[in-house]
Amino acid sequence: MFSIETYLSEKFAQAIASLYGVTLDANTLQIQKTHTDFKGDFTLVVFPLLRVSKKKPEETAAEIGDYLKMNFPEFSDYNVVKGFLNVSLTDNFWGEMLTQTGGDENFGFVKANSTGKHVMIEFSSPNTNKPLHLGHIRNNLLGFSVARILEVNGDKVTKVNLVNDRGIHICKSMLAWQKYGIGETPQSSSKKGDHLVGEYYVKFDKKYKLEIEDLKAKGLTEDEAKQKAPLMLEAQEMLRKWESKDPEIISLWETMNGWVYEGFEKTYNNLGISFEKVYYESQTYLLGKSIVSKGLEQGAFFKKPDGSVWVDLTSFGLDEKVLLRADGTSVYITQDIGTAVQRFDEFHLNEHIYVVGNEQEYHFNVLKGILNRLGYSWSDHLFHLSYGMVNLPEGKMKSREGTVVDADDLVTEMIDTAREMASELGKLDGLSETEIDKVCSTVGLGALKYFILKVDPKKNMTFNPRESIDFNGNTGPFIQYTYARIQSVLRKAEEDGISFSGNAPAIQMSEKEKELIKLTITFPSIVSLAAEQYSPALVANFVYELAKEYNQFYHDHYIIRETNDDIRKFRLQVSQQVAVCVKSAMWLLGIDVPSRM
RNA sequence: GGUCCGGUAGCUCAGUUGGAUAGAGCAUCAGCCUUCUAAGCUGAGGGUCAUUGGUUCGAAUCCAAUCCGGAUCACCA
């Protein structure tokens, strides 16, 4: 892949070799974009070179600058400020860059499946007892975006979802529905299935709390009350029945989960999220038991007097961890061991990414430790993409206090806001209803997705609803707007019969024009860096900067209205290249771009 | 208490292996539409990069200590 830094490094290295007789590794040179308040395109930091030049910083910089100017035609000028060598490249060079990179729809993307690496990425992983919320949205957007980023870096990527469809919490909503539901269904109530089931989960909790209070009034301790509450006992009984495949319970479970899946599908659809494969815990929760037993035989684990099986991970700086209970049943991590082994066996994975919140960092360290202890060579290829929590301005989301932001509500709200803004600004006059719907949905979702993805995944973030529906400044709609503007210009060019294909004309460029070319040619390295760091935020920050730069250019320059044919052609080419980068970058974030808005 | 993560403008965030006078957006104030989309552009104010030491030509960035947040350390998932 072409990189301007690499290109320049080689020239610099050549200069240094010739001047000082020392061959330096080209990528140890420190090259950066020249600060805006200095003249020049790129800057070589010469301080580290003083020990080979054995001269003052200014002198060293000047010597290298002279050499470059004398020997390479693309260097037009240089200046030295303290230990910084600022070099300028010719318009010719930048024109050549534009010619080389322009006109390729897939610019910045590596050919599909070219690395031969197969990566599985698991994300979303919802429970079927309540609808998706804001936290899931961050998870889904991250997982989906990272998958695309890896794809365009040449990996084969399989996106999977592991649905938590069993367990005591599922039984709670089932029980509440059975007791208080009077046959309510999504159809009868016209509620979305996942929301309906979620309501019964909440109902269980309420009734359960009442029972606890009741028992406490009768003299039981908090813990005793929690354990002895009739509802809890019933839920546990239901779980036992489920595990023994009681037909009535299984049927209820299937029905209610069916409602939830219908609801989830809608949410995923609205968000534009999809998976290649969906796993269900009801089918995987027993996996791993035999592996643990084998590990026990091999001495990787040990048994306590009560019969429970443990692993000692103190050598990894972790603790002892139970793998099988005394009664032989498995715990959560047992399943994770099983699914990991199954997936690596079945798909011959090179890497497995788990998109899971940072509160489970310990869990994944334990998982890797166990797999390492079991001797799986790929245990190092599990990667926990650990993202920070999403908080509200008033603090953590708490379901008890009803501050959880529902995913569906949020999406609807964003799209509604987009519609209000558009009609207020008269942006969509003359479009059909369906076209308007499409644009508003694109813009509303763009705002939401960008707002979340622009933040470094590792960091906790604050979701301020008021700021999220702002469509100005560093937002998704701002970037979409830039794209729509360019499309408008390109449409106009076509209408006017202006062709701008072919090589970039030789013209005298403005700073803004050069800046745009500079930015677009760094797109490929941003894409690859984003993959290395599993960080859509890098792509988001890049595309924002590009859009901002383009809007300044747009403000200061005529494009269609430019009368000089060469300049007009050049500006159209630059515009198109920016549009390609914007569209691609947004696509990596899972965000659509409208051709008008 | 142990481990991990974080602390940058009033608020939300950038800051790419240590580089020049620390940047954006929001909010506030002041400007720009007979001209290709004003969801745009320009300008102003706003900072002890938590604190203190250290490393060196040079630190928001690396190291140590301290302070303040958060997560985690379940036979929960």
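Letters A, B, ... are given to chains in the order of the sequence lines, protein chains preceding strands, and every chain is numbered from 1.
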Note to self: Before you tell me yes or no, could you show the steps for A:S282 and A:D165 under side-chain hydrogen bond (donor to acceptor under 3.5 Å, both in side chains), namely the whole-Å CA-CA distance, both residues' side-chain angles and the distance that decides it to 0.1 Å?
What the structure shows: CA-CA 6 Å; A:S282 55; A:D165 62 343; 2.6 Å; yes
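Using a 4.0 Å heavy-atom criterion, one finds that A:R466 contacts no nucleic acid atom at all. Nucleic acid contact for A:Q360: base, since at least one base atom lies under 4.0 Å from a heavy atom of the residue.
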Please list, one pair per line, the donor and acceptor atoms closer than 3.5 Å that link side chains of residues 524-536 of chain A to other protein atoms, with sequence neighbours excluded.
residue : atom : partner : partner atom : Å
A:S525  : OG   : A:T522  : O            : 2.9
A:Y534  : OH   : A:E351  : OE2          : 2.3
A:S535  : OG   : A:A537  : N            : 3.4

Can you give me every donor-acceptor pair (side chain of residues 466-474 of chain A, partner residue at least two apart or in another chain, under 3.5 Å) with its distance?
residue : atom : partner : partner atom : Å
A:S468  : OG   : A:P465  : O            : 2.8
A:D470  : OD1  : A:N472  : N            : 3.0
A:N474  : OD1  : A:Y450  : OH           : 2.6

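For a distance-only test at 3.5 Å, the side chain of A:Y558 qualifies as a donor-acceptor partner of the base of B:U35. A:N551 contributes no side-chain N or O that forms a donor-acceptor pair with the base of B:A38 under 3.5 Å. On a pure distance criterion of 3.5 Å, a polar donor-acceptor pair joins the side chain of A:D306 and the base of B:C75.
With sequence neighbours left out, A:D496 forms a side-chain hydrogen bond (donor to acceptor under 3.5 Å, both in side chains) with no residue at all. Looking at residues two or more places apart in sequence or on another chain, you find a side-chain hydrogen bond (donor to acceptor under 3.5 Å, both in side chains) between A:E515 and A:K33.
A close approach under 4.0 Å does occur between a side-chain nitrogen or oxygen of A:Q552 and OP1 or OP2 of B:U42.
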Its dot-bracket string being built from Watson-Crick and G-U pairs below 3.5 Å, with | for another strand and [ ] for crossing, RNA chain B has the pattern (((((((..((((.....[...)))).(((((.......))))).....(((((..]....))))))))))))....
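Each of A:D470 and A:N127 was assigned the nucleotide of RNA chain B with the nearest heavy atom; the assignment lying further toward the 5' end belongs to A:D470.
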Using nucleotides 54-64 of chain B, report all nitrogen or oxygen pairs with the protein that are shorter than 3.5 Å.
none

